[in-house]
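These numbers were taken from a predicted model, which means no experiment stands behind them.
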Amino acid sequence: QVELVESGGGSVQAGGSVKLSCVASGDINANYFCMGWARQAPGKEREGIARIYINDGSTTYSDSVKGRFTVSQDNAKNTLYLEMDNVQPDDAAKYYCGAALRPPDCYFGTWGTRGYWGQGTQVHVSS
């Protein structure tokens, strides 16, 4: 059973930073092919924003967050992180942590729609 629990959301001022965490069930290095983050704002579809391959740490980002957000993993803690810098009002959304057990579910074009996902953590941005 895959369980992903996000934390770290809250309110942040525009231009500020916030770091999200996601604790995964089991050994992420042994169990998951890739992990990452997606977000969903009210009235919008879920958007995959960051993905990391567990075996080599290679990352992919959406254009909307590239250069501002950083995804990383701590295998010893079975934890995934999303460091969000220079946060903008358009970044306000519910952020979801995801994990995939097989390569097809890691395809970035559909990231956010396949695999396993947590319940999410809300990020509010004040300008």
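Screening Cys97, Cys22, Ser21 against Ser7 for a side chain to side chain contact (heavy atoms under 4.5 Å, CB included) leaves a single residue, Ser21. Considering Tyr96, Trp37, Tyr95, Trp111 in turn, Trp111 is the only one that fulfils the ring-ring contact (aromatic ring centres under 6.0 Å, His included) rule with Trp117.
Once rounded to the nearest 0.5 Å, the distance linking CG of Leu80 with CG of Asn75 reads 10.0 Å. Atom NZ of residue Lys94 and atom NE2 of residue His124 lie 10.0 Å apart, to the nearest 0.5 angstrom. Atom CZ of residue Arg102 and atom CZ of residue Arg114 lie 5.5 Å apart, to the nearest 0.5 angstrom. For the atom pair CG (Asp91) and CG (Asn86), the distance works out to 8.5 Å, reported to the nearest 0.5 Å. One distance of note links CD1 of Ile28 with NZ of Lys77; it measures 12.0 Å at 0.5 Å rounding. Remark: Ile52 CD1 to Cys34 SG distance equals 10.0 Å, nearest 0.5 Å.
Here the closest heavy-atom approach between residue Asp85 and residue Ser17 is recorded as OD1-OG, 2.8 Å. Between Ser25 and Tyr32, the shortest heavy-atom distance links the atoms O-OH, 2.7 Å. The two residues Ser64 and Ile49 have their closest heavy-atom pair at OG-CG2, 4.4 Å. A pairwise comparison of heavy atoms in Ile54 and Gln73 identifies O-NE2, 3.3 Å as the closest pair. Here the closest non-hydrogen pair linking Ala14 and Ser127 is CB-CA, 4.1 Å. Counting all heavy atoms, side chain and backbone alike, Ala99 lies closest to Met35 at CB-CG, 3.9 Å.
Under the 4.5 Å side-chain heavy-atom criterion for grouping Ile, Leu, Val, Met, Phe, Trp and Tyr, Val23 is not connected to Leu82 through any hydrophobic cluster. Under the 4.5 Å side-chain heavy-atom criterion for ILVMFWY residues, a single connected hydrophobic cluster contains both Leu20 and Tyr116. The hydrophobic clustering, which links ILVMFWY residues whose side-chain heavy atoms are closer than 4.5 Å, places Tyr107 and Leu101 apart. In the hydrophobic clustering of this structure, Tyr81 does not group with Val71; members are Ile, Leu, Val, Met, Phe, Trp, Tyr whose side-chain heavy atoms approach within less than 4.5 Å, directly or through other members.
Although no hydrogens or angles enter the test, the distance criterion places a donor-acceptor pair under 3.5 Å between the side chain of Arg51 and the main chain of Cys106. Checking side-chain atoms of Glu47 against main-chain N and O of Arg39 turns up no donor-acceptor pair under 3.5 Å. A donor-acceptor contact shorter than 3.5 Å is absent between the side chain of Gln40 and the backbone of Ala93. Not a single donor-acceptor pair under 3.5 Å links the side chain of Asn78 to the backbone N or O of Ala24.
Heavy atoms of other residues, nucleotides or ligands lying less than 6.0 angstrom from CD of Gln122 number more than 12. A 6.0 Å sphere centred on CD of Gln88 holds more than 12 heavy atoms belonging to other residues, nucleotides or ligands.
Here Tyr53 is tied into one hydrophobic group with Phe33, each link being a pair of ILVMFWY side chains closer than 4.5 Å.
Considering only residues two or more places apart in sequence or on other chains, Thr113 meets the side chain to side chain contact (heavy atoms under 4.5 Å, CB included) condition with Thr110.
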